Structure formats: structure tokens, C-alpha cells
**Student:** 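Could you have a look at this structure, given as C-alpha cells, before my questions?
All ligand and atom numbering here is 1-based and tracks the order in the structure. When a residue number appears, it is its place in the shown sequence, counting from 1. Remember, it's a predicted structure, so these values are computed and weren't measured experimentally.
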Amino acid sequence: MKTDRADILACLRESEDYVSGQQLCDRLGVSRTAVWKVINQLKEEGYLIESASRRGYRLVESPADVYSESEIASRLHTKWAGKKLHFFEVTGSTNPDAKRFAEEGALHGTTVVADRQTAGRGRRGRSWESSAGTSIYFTIVLRPKFSPDKASMVTLVMALAVAEAISEVTGLDTGIKWPNDIVVNGKKVVGILTELSTMPEMNEIQFLVAGVGVNVNQNSAEEFSEEIRKTATSLRIESGKSVFRAALLERILSRFEEDYEIFEQTLDMSVLRERYEARLAGRDAGVQVLDPSGAYAGVSRGITDTGELVVEKENGERVLVYAGEVSVRGLYGYV
Ligand code: ATP
């Protein structure tokens with residue numbers, strides 16, 4: 001449910017002309033004083049709102065890259081993805097927050113968003129650099145009815161939604177580095193970490209959380225630590241333009257909702273596979289599979305309907321690579 005603030009913001013943004021105080025009251029079922037209070041709060045936050053007697057209010061300009069619960073909620077038109085939002089200026093990591101909300105009964109689609117993380121995480125206990133004011137960090141809670149063996153495909157569904165949303169908003173050509181990273185011009189802009197909670201002793205999912213980190217408005221590679229400077233980039237560095245985070249997050253959640261519903265119908269990647277493979281980085285090129293039980297090289301040939309990467313070894317043998325413990329690299333570089 002949207003807050004009054006998000007609703008008022010949405011009404012103002014969606015109207016080209018002035019919106020009268022009465023219209024706002026009628027639409028939201030709140031008093032004139034309540035509307036007036038919210039308008040004042042929004043002005044204090046930096047929204048430029050013109051008021052004209054008898055005509056009402058008009059949103060002239062929003063603060064640059066304003067990123068708040070109301071701004072994000074006012075843009076969402078989804079059925080369930082992000083319908084319930086928790087926004088934090090700063091948190092440890094949105095994945096554990098989402099798990100906590102899920103344990104307390106949070107609904108399917110509940111989303112935790114943060115402006116900064118102090119302990120952002122990657123796969124296998126690695127960390128995710130999470131500076132303030134520049135990036136998107138969010139985690140969505142899902143309550144699937146399918147069995148745990150299908151869960152790894154949710155990472156692929158999310159990767160597809162994020163990659164397409166970024167391309168839609170920025171015009172950048174995004175690639176997916178199977179299974180969970182998104183790259184632009186050979187460097188990583190997005191990491192995805194999906195985690196599962198199963199019912200004790202039962203082959204059933206209690207909930208699943210899918211966390212996403214997007215490097216959005218970093219100005220230069222120097223903003224990343226030396227450790228990742230060669231492999232990390234941001235949408236701004238690659239496109240030369242800054243990106244409005246709330247608008248990008250809206251596109252991501254909306255596309256994810258659509259793609260997840262497609263996935264749910266077949267519980268595999270059969271319908272989404274073509275779109276996923278169209279973005280698969282290094283397809284038909286040499287890859288190295290860093291398997292903990294031994295690395296090997298081959299040529300990446302796409303994915304199966306159940307989301308495994310198909311790698312053809314030199315002797316022609318086709319190996320299915322399961323997500324989880326494995327990282328895939330280009331033969332001569334990161335991608
Ligand atoms: P890889 O193939 O890169 O090893 P992975 O999926 O195993 O991918 P993740 O767990 O998704 O890696 O992400 C963690 C890794 O990503 C870190 O070890 C670091 O190398 C890199 N990294 C950390 N923060 C960022 C960031 N903000 N932008 C890009 N890369 C980052």
C-alpha cells in the first residue's frame with residue numbers, strides 16, 4: 001500500500017497541469033490539512049512545487065536523484081513486486097534485512113532498499129562494495145510454491161530483468177555473465193545474490209530472497225577499490241550520463257514481476273531462454289570454468305531450459321555447469 005506522500009507525489013507527477021487540493025483529498029480520502037502537510041514536507045525535501053490559489057499544486061522539479069521510499073513507491077505500478085517497501089539510508093546488507101522481514105511473515109514481493117550498505121555481500125562470503133548515494137541495493141522477498149531445486153533459476157530471471165531494464169533506461173548494451181552478473185563493455189555493473197530458506201526436514205521453500213547491487217552513478221573507476229578497479233564499472237562511466245535511480249529501480253521491479261510470472265508458468269527457462277541467451281556474455285567463445293573440484297576450459301554454448309550453462313570441451317563433450325560453487329571467466333579476461 002502506498003503512503004499518502006507517495007500517492008500525492010504520483011498524482012502530481014502524472015498530471016501535466018495543476019492538481020487542486022480538493023482533487024487530492026477526494027482521490028486519497030484524506031483531509032485538506034493532511035494534503036497541505038504532505039506538500040510542505042515534500043517542499044522541505046527539495047521538491048519544487050508551485051501552489052496557485054484556486055488552481056492547486058504543480059510539481060515543477062524533483063530534487064536531483066532523490067531516492068526515498070515515497071519517491072520509489074510513487075513510481076511503482078506493480079501488482080506485488082515492491083508493493084511493500086522498506087527503505088534504509090544505511091544498513092548492513094539488504095539480504096539479511098529481507099530474511100528477517102520474511103521470518104516475521106513479510107508478503108511475497110516485499111522489498112528492502114538501501115542507499116548505502118556497510119556489509120554488502122557477494123557469493124561465497126565475498127563482499128560487495130556499497131558506497132552511498134551512487135548505487136542501487138535492494139532485496140526482494142519471494143514465497144514460491146516450487147521445490148528448492150528450481151530456486152537457482154530465479155537468479156537468471158532476475159539477471160534478465162535487470163539487464164533489460166538497464167538497457168531500456170540507459171541505452172547501454174548489457175551482457176549477462178552466467179549466472180548472476182551483468183557486464184557492460186566487459187566490466188561488472190551488477191551482482192545478484194539469491195538465498196534460500198527451506199522448511200526443516202522438508203523439500204519445501206519457506207522463502208527466497210534475491211538481492212541486487214547496481215553500480216549506477218560512480219563518476220570514475222577511482223571510486224572503486226583498487227582490488228576491483230579493473231573489473232568494475234558503473235552505468236554513468238559507460239554511458240556518460242547520470243541515471244535517476246528511483247526510475248531505474250521501478251523498471252527493474254516491473255520487469256522482474258513480469259518475467260517471474262512467465263517463469264512460474266513453466267517453472268523453467270523455456271520461455272525466457274531466448275532473451276537470456278541473446279545477452280549471454282561470451283556465447284560461442286572460450287570460457288574457463290572455475291570449478292572447486294578442478295578448473296577446465298571450453299566453449300560456452302548457451303543455457304539449458306533448466307538454467308545450466310552448456311560448455312563444450314575440446315574433445316566435443318558437452319558439460320552442464322550448475323550454478324552455485326562455480327565462477328566462469330573469459331579465456332583472456334574477466335568476460
Ligand atoms: P565472479 O565471476 O566475478 O567471481 P561472482 O558471482 O562469484 O563473480 P559475486 O559474488 O557476484 O561474484 O560478487 C562478489 C565479487 O564481485 C567480489 O569478490 C569482487 O570481486 C566483485 N565486486 C565487489 N563489489 C563490486 C562492485 N560494487 N562492483 C563490481 N564488482 C564488485
Side-chain angles (χ1 to χ4, degrees), residues 90-96 114-139 151-160 162-163 166 172 174-196 209-239 243 245 248 279-282 285-292 295-297 300 303 307-309 311 321-335:
V90 55
T91 189
S93 167
T94 55
N95 267 28
D115 182 58
R116 176 160 84 93
Q117 298 187 120
T118 54
R121 292 160 49 208
R123 297 196 299 166
R124 285 161 277 157
R126 300 158 75 188
S127 65
W128 185 258
E129 278 185 24
S130 306
S131 53
T134 54
S135 302
I136 291 176
Y137 314 108
F138 79 91
T139 300
S152 62
M153 284 185 270
V154 174
T155 305
L156 278 71
V157 176
M158 181 59 90
L160 178 64
V162 178
I166 291 176
L172 287 167
T174 48
I176 303 174
K177 192 167 87 65
W178 181 93
N180 68 326
D181 296 321
I182 293 170
V183 290
V184 174
N185 298 325
K187 290 181 168 186
K188 184 149 145 184
V189 286
V190 176
I192 298 170
L193 178 65
T194 309
E195 295 177 282
L196 191 63
V209 299
V212 179
V214 189
N215 302 328
V216 182
N217 285 326
Q218 283 87 347
N219 260 314
S220 74
E222 273 64 58
E223 289 182 43
F224 297 107
S225 73
E226 222 163 288
E227 215 184 318
I228 63 166
R229 213 166 279 167
K230 284 205 176 70
T231 52
T233 193
S234 76
L235 303 180
R236 180 166 182 175
I237 295 170
E238 298 305 319
S239 69
V243 177
R245 284 177 295 167
L248 176 57
R279 294 191 180 263
L280 184 61
V287 290
Q288 204 178 9
V289 181
L290 306 177
D291 191 316
Y296 55 91
S300 156
I303 61 165
E308 293 87 20
L309 185 71
V311 172
V321 187
Y322 293 84
E325 293 302 300
V326 167
S327 275
V328 178
R329 293 273 185 284
L331 274 191
Y332 307 105
Y334 183 63
V335 178

**Student:** Could you check atom 19 (C) of ligand 1 against the protein and tell me its nearest heavy-atom contact, residue, atom and distance included?
**Tutor:**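 Protein heavy atom at minimum distance: I228 CG2, 3.7 Å.
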**Student:** Let's go through W178 and V311 carefully: what are the C-alpha distance in whole Å and the side-chain angles of both, what is the deciding distance for side-chain contact (heavy atoms from CB on, under 4.5 Å) to 0.1 Å, and is it a yes or a no?
**Tutor:** CA-CA 12 Å; W178 181 93; V311 172; over 6 Å; no
**Student:** If we only count heavy atoms from C-beta on, is the L248 to I166 side-chain gap below 4.5 Å?
**Tutor:**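 Yes, their side chains come closer than 4.5 Å.
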**Student:** N180 heavy atoms, cut-off 4.0 Å: which ligand 1 atoms fall inside?
**Tutor:** 6 (O), 11 (O)
**Student:** As an exercise, identify every atom of ligand 1 less than 4.0 angstrom from a heavy atom of S327.
**Tutor:** 1 (P), 2 (O), 4 (O), 7 (O)
**Student:** Which of the numbered atoms in ligand 1 are below 4.0 angstrom from a heavy atom of N215?
**Tutor:** 26 (C), 27 (N), 28 (N), 29 (C)
**Student:** Nearest non-hydrogen contact with atom 16 (O) of ligand 1 belongs to which option: E227, K188, R126?
**Tutor:** K188
**Student:** What is the nearest protein non-hydrogen atom to atom 3 (O) of ligand 1, stated with its residue, atom name and distance?
**Tutor:** Y334 OH, 2.6 Å
**Student:** From the options S131, S130, S127, select the one residue that forms a side-chain hydrogen bond (donor to acceptor under 3.5 Å, both in side chains) with Q117.
**Tutor:** S130
**Student:** Would a 4.5 Å heavy-atom cut-off, applied to side chains only, mark L193 and R123 as touching?
**Tutor:**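 L193 vs R123: side chains touch.
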**Student:** Would you tell me which option among G191, G120, S127, A323 has the nearest heavy-atom contact to atom 14 (C) of ligand 1?
**Tutor:**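 The nearest heavy atom belongs to S127.
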**Student:** Atom 10 (O) of ligand 1: which protein heavy atom is closest, and how many Å away?
**Tutor:**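 Looking at atom 10 (O) of ligand 1, the protein heavy atom closest to it is R123 N, 2.4 Å.
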**Student:** Which bit of I192 is near ligand 1, meaning a heavy atom under 4.0 Å away: side chain, backbone, both or neither?
**Tutor:** neither
**Student:** To the nearest 0.5 Å, how far apart are CD in E223 and CZ in R229?
**Tutor:** 10.0 Å
**Student:** Please determine if E195 and R121 form a salt bridge, counting it only when a charged side-chain N lies under 4.0 Å from a carboxylate O.
**Tutor:**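 Yes.
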**Student:** Closer than 4.0 Å to some heavy atom of R124 - which atoms of ligand 1 meet that?
**Tutor:** 7 (O)
**Student:** Search all heavy atoms of Q218 against all heavy atoms of T134 and return the closest pair with its distance.
**Tutor:**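 Heavy atoms of Q218 and T134 come nearest at NE2-OG1, 3.5 Å.
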**Student:** Please check if atom CD in E227 has more than 12 non-hydrogen atoms from other residues, nucleotides or ligands closer than 6.0 Å.
**Tutor:** no
**Student:** For atom 24 (N) of ligand 1, find the nearest protein heavy atom and state the residue, atom name and distance (0.1 Å precision).
**Tutor:** E129 N, 2.8 Å
**Student:** About how many Å separate CG of L172 and CZ of R236, when rounded to the nearest 0.5 Å?
**Tutor:**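 Interatomic distance, R236 CZ to L172 CG, rounded to 0.5 Å: 13.5 Å.
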**Student:** Output the list of atoms in ligand 1 that are nearer than 4.0 Å to some heavy atom of K177, sorted by atom number.
**Tutor:**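 Listed by number with element: 1 (P), 2 (O).
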**Student:** Identify, for atom 29 (C) of ligand 1, the protein heavy atom at the shortest distance, and state residue, atom and that distance.
**Tutor:** A232 CB, 3.4 Å
